[in-house]
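First the structure, in the form of structure tokens, and then the observations on it.
Numbers here simply count residues along the sequence, with the first being 1.
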Amino acid sequence: MLRLLVVEGADRGQIFVLGKSSVSLGTSSDNDVCLSDPFISRHHGRIALSQNQWIYQDLGSTNGSIVDYSGKQLRLDLRNPRAVLDTGCLIHLGQTVLRPEIEAAARARTAQQHTVIAQRSLADLSEAQQRHPPALNDLLAIQELENRLGDASGPEEMLDMVLEALLDAFSEATHAIILLIDKKTGKAKRKAARIRGEAGRAKEDVPISMSIADRVLGEGESLLFKDVAAEFRDSASAVSAGIRSSLCGPLWTGDETVGLVQVESRKGRAAFSEEDLGRLGLFASRAALGIVASELRSTESRRKRLEGLSARLIPSFIGEPGTAESGDVRTMDASVLFSDIRGYTATAERLSVTDTLAMLSTYHASVEDIVARHGGRIIKTPGDAVLATFWKETRGRSHAVCALKCGEEILDDLPRAARAWEGMGARLEIGIGINAGKVAAGLVGKHHLEPTVVGDPVNVAQRLESITESLQCPLIFSESIRERLPGDVETVCLDQVTVRGREAPLRIYSLARFVPAEGS
């Protein structure tokens with residue numbers, strides 16, 4: 001069996017238990033090991049079993065792969081794509097580091113039989129608690145844990161509370177670990193650990209025996225064993241840790257197992273007892289209920305945040321002609337306006353950050369009012385830029401006309417807005433690019449949710465803005481805007497250009513009033 005532990009990178013803490021003889025790694029969802037590191041290719045590498053050895057192969061990835069053997073690094077590329085893996089080496093992919101752990105199934109079973117000195121099924125645990133009611137101190141500790149879990153602000157704070165409670169309840173424990181399982185895939189989705197005497201989560205990667213985890217999760221058993229190092233005899237980190245005794249039990253809600261909890265005694269501390277095994281089950285059952293409740297609260301909180309943030313964007317699309325709904329994403333035909341301040345970086349370097357922020361605030365406030373008057377919505381204001389979307393008819397005007405009229409008014413208002421900047425010794429000049437087409441709108445992020453609009457029309461609008469200065473024309477729009485305008489709008493074809501990121505040339509336009517006269 002091969003396990004991959006993510007020890008560094010965006011997916012740190014994830015554990016992949018690989019039961020096949022060949023697995024793929026990359027960012028694409030069709031990989032066996034799907035990673036979220038942007039520096040990893042869609043199909044970055046492959047691990048396969050060959051002649052009782054696990055071989056890693058780089059699949060011609062953009063940034064290559066590195067296998068580190070205790071400081072000796074082997075870089076893999078098209079000329080040298082393969083390397084033999086062993087427990088203790090590290091695989092570097094982009095900003096992600098994976099640690100493989102190779103374990104023979106027969107050896108794992110022998111180790112379990114040798115190290116397990118007590119075990120209890122979930123049914124045994126319930127009967128034991130009825131025969132031997134928990135001590136008063138344990139009941140008080142559990143009650144305190146339940147009260148604290150009720151006040152947890154989210155799943156992460158809840159995990160910290162459970163880890164702290166475990167170290168308080170088991171005075172001989174030096175470490176406490178929680179491993180949560182994804183119910184859909186059955187794979188580990190989150191791991192949290194705490195070391196006695198250290199503030200916060202453990203900074204080092206605290207190993208956990210997946211052979212034991214498989215037994216705890218698969219058979220619903222709580223285990224007490226005396227020599228964890230035997231489970232990791234190929235892992236230098238586990239052997240050096242000197243784990244003397246360990247308790248491991250399922251996080252069981254009464255209906256399902258959502259993960260496991262483990263407490264360890266290292267470096268010569270006293271071994272745990274069978275009584276401790278029963279106490280662990282008591283704490284684990286309460287912790288499991290707290291975990292499920294916290295995740296439900298988090299889901300509900302996310303739903304409410306989605307509703308609140310969506311009020312800025314998404315509900316306006318619902319019911320609009322031409323929109324399609326898929327989960328939290330809406331697709332529709334829209335016009336996109338992108339504006340940017342010219343020379344902003346040089347201006348910001350000369351002014352204090354307070355003055356710069358004041359200028360931007362004044363400018364964005366006036367632009368926001370203008371966009372709203374024309375039925376649009378500002379989606380993002382990254383620094384000095386503004387991204388606005390128009391998707392509906394307003395006062396009898398199509399969204400393309402609304403976007404164009406908005407761009408005109410922003411430029412007409414520019415002299416007034418520029419006076420405030422001139423008072424601070426800065427100039428205010430802007431460029432505007434406008435494009436139309438099919439876009440997708442939704443919310444991105446996990447804890448910090450933000451509305452966004454994506455699609456080729458958005459990219460092209462930004463590219464059009466970028467050429468306004470070179471063409472000495474402050475407003476440029478595309479063919480897709482021009483063909484949506486009524487016939488009485490006087491437009492001027494500026495040129496046919498190829499913008500960055502597109503092969504086909506675009507015909508670009510402006511309004512006659514913004515086109516510089518010949519020779520000027």
Grab the two heavy atoms, one from [X] and one from [Y], that are nearest each other, plus how far apart they are.
| X | Y | result |
| --- | --- | --- |
| Leu35 | Val6 | CD2-CG2, 4.3 Å |
| Glu465 | Ile432 | CG-N, 4.0 Å |
| Cys248 | Leu260 | SG-CD1, 3.8 Å |
| Ile467 | Ser470 | O-OG, 3.0 Å |
| Glu479 | Tyr509 | OE1-OH, 2.6 Å |
| Trp54 | Ile47 | CE3-CG2, 3.6 Å |

Handout entry: Partners meeting side chain to side chain contact (heavy atoms under 4.5 Å, CB included) with Ala83 (sequence neighbours left out)
Key = Val67, Tyr69, Leu74, Leu76
Given side chains that start at C-beta, do those of [X] and [Y] come closer than 4.5 Å, heavy atoms only?
| X | Y | answer |
| --- | --- | --- |
| Leu179 | Ile15 | yes |
| Asp333 | His399 | yes |
| Leu180 | Leu251 | yes |
| Leu337 | Val371 | no |
| Val458 | Phe338 | no |

Fill in the blank from the handout: Rounding to 0.5 Å, atoms CD1 (Ile508) and CG (Asp495) come to a distance of 5.5 Å
Problem - Value rounded to 0.5 Å, distance of OG in Ser65 from CZ in Arg82 - result: 12.5 Å
Would you find a donor on one side and an acceptor on the other, under 3.5 Å apart, between the side chain of [X] and the backbone of [Y]?
| X | Y | value |
| --- | --- | --- |
| Asn435 | Pro457 | yes |
| Arg196 | Leu167 | yes |
| Asp58 | Pro81 | no |
| Arg3 | Phe16 | no |
| Thr174 | Glu264 | yes |
| Ser246 | Val263 | yes |
| Asp37 | Gly94 | no |
| Ser41 | Thr62 | yes |

Exercise for the section: Just jot down the salt bridge (charged side-chain N to carboxylate O under 4.0 Å, His left out) partners of Asp160, sequence neighbours excluded, or say none. Expected result: Arg201
Exercise for the section: Evaluate the side-chain hydrogen bond (donor to acceptor under 3.5 Å, both in side chains) criterion for residues His44 and Asn31: first the C-alpha distance (whole Å), next the side-chain angles of each, then the deciding distance (0.1 Å), finally the verdict. Expected result: CA-CA 9 Å; His44 199 103; Asn31 287 289; over 6 Å; no
